[in-house]
There are 2 protein chains.
Amino acid sequence: MAKAGTPSTVTPGGSARAVETRRLLVEAAITTLKEDGYAGASARAIAARAGSNQGLIFYHFGSVANLLLAALDAVSDVRLAHYGAAVERAGSVGSLGDFVDAARAIFQEDLDAGYVTVLVEMIAGASATPGLGVEVAARLGPWTDFTRQAIEQAWGDAPLGAVVPATDLAYGVVALYLGLEMLSHLEGDRAPAMALFSHAAQLAGLLSALSGVQSRKDVP
Amino acid sequence: MAKAGTPSTVTPGGSARAVETRRLLVEAAITTLKEDGYAGASARAIAARAGSNQGLIFYHFGSVANLLLAALDAVSDVRLAHYGAAVERAGSVGSLGDFVDAARAIFQEDLDAGYVTVLVEMIAGASATPGLGVEVAARLGPWTDFTRQAIEQAWGDAPLGAVVPATDLAYGVVALYLGLEMLSHLEGDRAPAMALFSHAAQLAGLLSALSGVQSRKDVP
DNA sequence: GTCTATACTTGGATAGAC
DNA sequence: GTCTATCCAAGTATAGAC
């Protein structure tokens, strides 16, 4: 997303200075969303963190909401690329447990960096600003798409895929991911969420053992 | 929660008029959180909806945040009571599938009424207001406690309880619930979430059939 | 083209009239 | 106990300086 062809933000100039200013503002917007939430992400708060003037937000992005969307785009780009690499590594092995482990590692990174907090805050904050909801929803698509692909890859020819469509499950996995991030962030304690991943890994092992066919793991 | 002994809000007077004013404000706060989110829940917006003066919020509750917490308390009380009744009904039957059905019905009600939106908005908005996080976290306890009890009841002596502790699973179920509400609310479409419940019901039936022992369902 | 200064609006909170 | 009037801080947005 955030390709040159379909810009979500009006970008007046392409000079080195302008690009750097926008980069600083986007960085500051991400940090502000992480630490102060959507309700605390005002033009003044973001600009102060970026060390620049608050008027620049409106010059470069047109509105605070547009800057926040640009921040969401930036986070999506960097995270999805990273997710893809992690799942490809797990895919080369192929067992369900490896995928759960990969998800666990990614989740831990996300909590540390607060990336998903940005997404959660944008979703929750969308109701406050008219028209923002559809924009955020559009940016959620790649996340669910990616999750669906990862699930299809993880399943292989496992029998579970017949009873629960990957699309539906992907929706649930994303929802769970967002919920876990919310709770962990609220309570400042990631232990319960991490415990769940451990149990999921156990169940994954149990499931693949139970299914009899050790789905194409023997192929090097 | 929200007992008389540990009031989260300072309530100056107990006259019939004062009580009614507070009730109106709490109602309006709930509606505002549902429709405009935490970021849109200003004193003026809430007071306008309640048809009363903005200053009354500070007189009766001390701050906007306190009013929002009172709103969360009100929602928690009414919903947990309802949840309890629904699970008791399902408990008298005792199969896992009945519990999933009960959860499905409750979830649909919550989406219609927007009750969980209030909780989600408070959790997401908590980062904006210092000190609000711990208050919201404290009010989340009953929800996870209730979920844990429902899970223990649903499992009975099923073998799954040994591998995944009810406490951990309850945490995940609450997280999933919050996430599903967020996504459904964002996209204005509950179909994907409802589809998940259908699949869960299927799996529940499959699981109880697979476990051989049809855990104490034959006892009327 | 880029940024600063300023205008104007809304929000939280209180003091005093009723 | 309730409402109006008001203060000031913080918010969005633009007009004009560089």
Side-chain angles (χ1 to χ4, degrees), chain A residues 7 9-29 32-33 35-71 121 125-132, chain B residues 9-29 32-33 35-71 121 125-132 135:
Chain A
T9 59
V10 185
T11 51
S15 80
R17 179 102 180 258
V19 169
E20 174 64 7
T21 300
R22 280 195 289 270
R23 196 191 62 79
L24 279 171
L25 285 174
V26 167
E27 274 314 305
T32 306
L33 276 175
E35 297 188 0
D36 301 334
Y38 184 92
S42 70
R44 287 181 138 93
I46 296 169
R49 228 185 276 262
S52 69
N53 191 285
Q54 58 93 17
L56 288 176
I57 289 174
F58 301 95
Y59 171 67
H60 283 293
F61 296 93
S63 70
V64 176
N66 269 338
L67 169 57
L68 296 179
L69 283 173
E121 288 295 333
S127 10
T129 308
L132 189 56
Chain B
T9 58
V10 185
T11 52
S15 81
R17 180 105 180 254
V19 169
E20 174 65 7
T21 300
R22 280 195 290 271
R23 197 191 62 79
L24 279 171
L25 285 174
V26 167
E27 275 312 305
T32 307
L33 277 175
E35 297 187 1
D36 300 334
Y38 184 91
S42 70
R44 288 183 142 91
I46 296 169
R49 229 185 274 263
S52 70
N53 190 280
Q54 172 257 136
L56 287 176
I57 288 174
F58 302 95
Y59 173 68
H60 282 294
F61 296 93
S63 70
V64 175
N66 269 337
L67 169 56
L68 296 179
L69 282 174
E121 288 295 333
S127 11
T129 308
L132 188 56
E135 294 294 329

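Below, read A as the first sequence line, B as the second, and so on, with proteins coming before strands; counting in each chain starts at 1.
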Take atom [atom1] of [X] and atom [atom2] of [N], then tell me their distance rounded to the nearest Å.
X: Phe61(A); N: dA13(D); atom1: CZ; atom2: P; result: 15 Å
X: Asn66(A); N: dT12(D); atom1: CG; atom2: C1'; result: 14 Å
X: His60(A); N: dA13(D); atom1: NE2; atom2: P; result: 16 Å
X: Leu24(B); N: dG1(D); atom1: CG; atom2: C1'; result: 15 Å
X: Asp36(A); N: dA10(D); atom1: CG; atom2: P; result: 13 Å
X: Arg22(B); N: dC3(D); atom1: CZ; atom2: P; result: 13 Å
X: Leu56(A); N: dA15(D); atom1: CG; atom2: P; result: 16 Å

Across all chains, not counting sequence neighbours, the side-chain hydrogen bond (donor to acceptor under 3.5 Å, both in side chains) partners of Thr129(B) are Tyr38(B)
Can you check whether Phe61(B) reaches Val26(B) side chain to side chain, under 4.5 Å on heavy atoms?
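SC-SC contact between Phe61(B) and Val26(B) confirmed.
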Contact class for Thr21(B) vs. all strands (heavy atom < 4.0 Å): base, sugar-phosphate, or nothing?
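Result for Thr21(B) = sugar-phosphate.
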For Arg23(B), salt bridge (charged side-chain N to carboxylate O under 4.0 Å, His left out) partners two or more places apart:
Glu20(B)
Mind checking what makes salt bridge (charged side-chain N to carboxylate O under 4.0 Å, His left out) contact with Glu35(A), not counting sequence neighbours?
Arg49(A)
So, using side-chain contact (heavy atoms from CB on, under 4.5 Å) as the criterion, who are the partners of Ala43(B) when residues are at least two apart?
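With sequence neighbours excluded, Ala43(B) shows a side-chain contact (heavy atoms from CB on, under 4.5 Å) to Gln54(B), Ile57(B), Phe58(B), Val64(B), given in chain and number order.
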Let me have a per-nucleotide readout for nucleotides 12-18 of chain C, 5' to 3', with B, S or -, counting only protein heavy atoms under 4.0 Å.
BBB----
Where at least one partner belongs to residues 55-67 of chain A, residue pairs that pass salt bridge (Lys or Arg N to Asp or Glu O under 4.0 Å), sequence neighbours excluded:
none
